[in-house]
Amino acid sequence: MEIKNTTNKLARMRTINEALSLIKKQDPETAVTYNFIRKLLDGDKVRHFRSGSRYILNFDDLLYELNMN
């Protein structure tokens, strides 16, 4: 049995606040808010899961969704 060496890119998983902080570092005058990101998650636009009361989201999916709109 041969094992192939594949390199998978690790997903950048962040909380909503961490993602918002990273976005604000790139664009201090952004109009993106915590509630806007929550609505994207509730609409299943961005892959995510809940850990207790926290939302953990795929940051790359969030950036993709923001760039598409």
Side-chain angles (χ1 to χ4, degrees):
M1 181 180 199
E2 185 177 330
I3 299 174
K4 293 182 181 181
N5 186 8
T6 59
T7 55
N8 293 329
K9 182 180 173 189
L10 191 60
R12 295 191 296 168
M13 304 301 286
R14 304 288 186 266
T15 64
I16 296 175
N17 285 326
E18 290 169 342
L20 188 56
S21 176
L22 290 171
I23 291 169
K24 286 185 176 184
K25 279 185 184 177
Q26 291 286 323
D27 179 12
E29 297 179 17
T30 186
V32 175
T33 63
Y34 182 95
N35 287 331
F36 178 75
I37 296 173
R38 277 284 306 271
K39 286 184 180 188
L40 290 176
L41 299 182
D42 290 342
D44 289 330
K45 300 277 187 178
V46 177
R47 288 182 286 182
H48 67 283
F49 62 91
R50 292 202 49 178
S51 177
S53 62
R54 287 185 174 185
Y55 284 90
I56 309 296
L57 60 95
N58 184 314
F59 186 65
D60 295 316
D61 282 359
L62 175 62
L63 293 180
Y64 178 79
E65 187 63 32
L66 293 174
N67 286 323
M68 291 302 295
N69 295 320

Please report the interatomic distance [atom1]([X]) to [atom2]([Y]), rounded to the nearest 0.5 Å.
{"X": "Phe36", "Y": "Leu66", "atom1": "CZ", "atom2": "CG", "answer": "6.0 Å"}
{"X": "Ile37", "Y": "Ile23", "atom1": "CD1", "atom2": "CD1", "answer": "4.5 Å"}
{"X": "Lys24", "Y": "Thr33", "atom1": "NZ", "atom2": "OG1", "answer": "8.5 Å"}
{"X": "Arg54", "Y": "His48", "atom1": "CZ", "atom2": "NE2", "answer": "15.5 Å"}
{"X": "Leu40", "Y": "Asn35", "atom1": "CG", "atom2": "CG", "answer": "11.0 Å"}
{"X": "Leu57", "Y": "Arg14", "atom1": "CG", "atom2": "CZ", "answer": "9.0 Å"}

**OP:** Please name all residues satisfying side chain to side chain donor-acceptor pair (under 3.5 Å) with Arg12, sequence neighbours left out, ordered by chain then number.
**Re:**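 Expected list: Asp60.
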Subject >> Audit row: Tyr55, Asp42, side chain to side chain contact (heavy atoms under 4.5 Å, CB included) steps and yes/no >> reply: CA-CA 10 Å; Tyr55 284 90; Asp42 290 342; 3.6 Å; yes
Subject >> Sidechain-backbone polar pair: Glu65 side chain, Leu62 backbone, donor-acceptor under 3.5 Å >> reply: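 The answer is no, because no donor-acceptor pair under 3.5 Å joins these two groups.
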Subject >> Side chain Thr15, main chain Glu18, donor-acceptor under 3.5 Å >> reply: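 A pair under 3.5 Å: yes.
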**OP:** State, to 0.1 Å, how close Met13 and Ile56 come at their nearest heavy-atom pair, and which atoms those are.
**Re:**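 Looking at all heavy atoms of both residues, the closest pair is CB-CG2, 3.8 Å.
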Original post:
Same cluster for Leu20 and Phe49 if Ile/Leu/Val/Met/Phe/Trp/Tyr side chains link at under 4.5 Å?
Top reply: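 No, Leu20 and Phe49 fall in different hydrophobic clusters.
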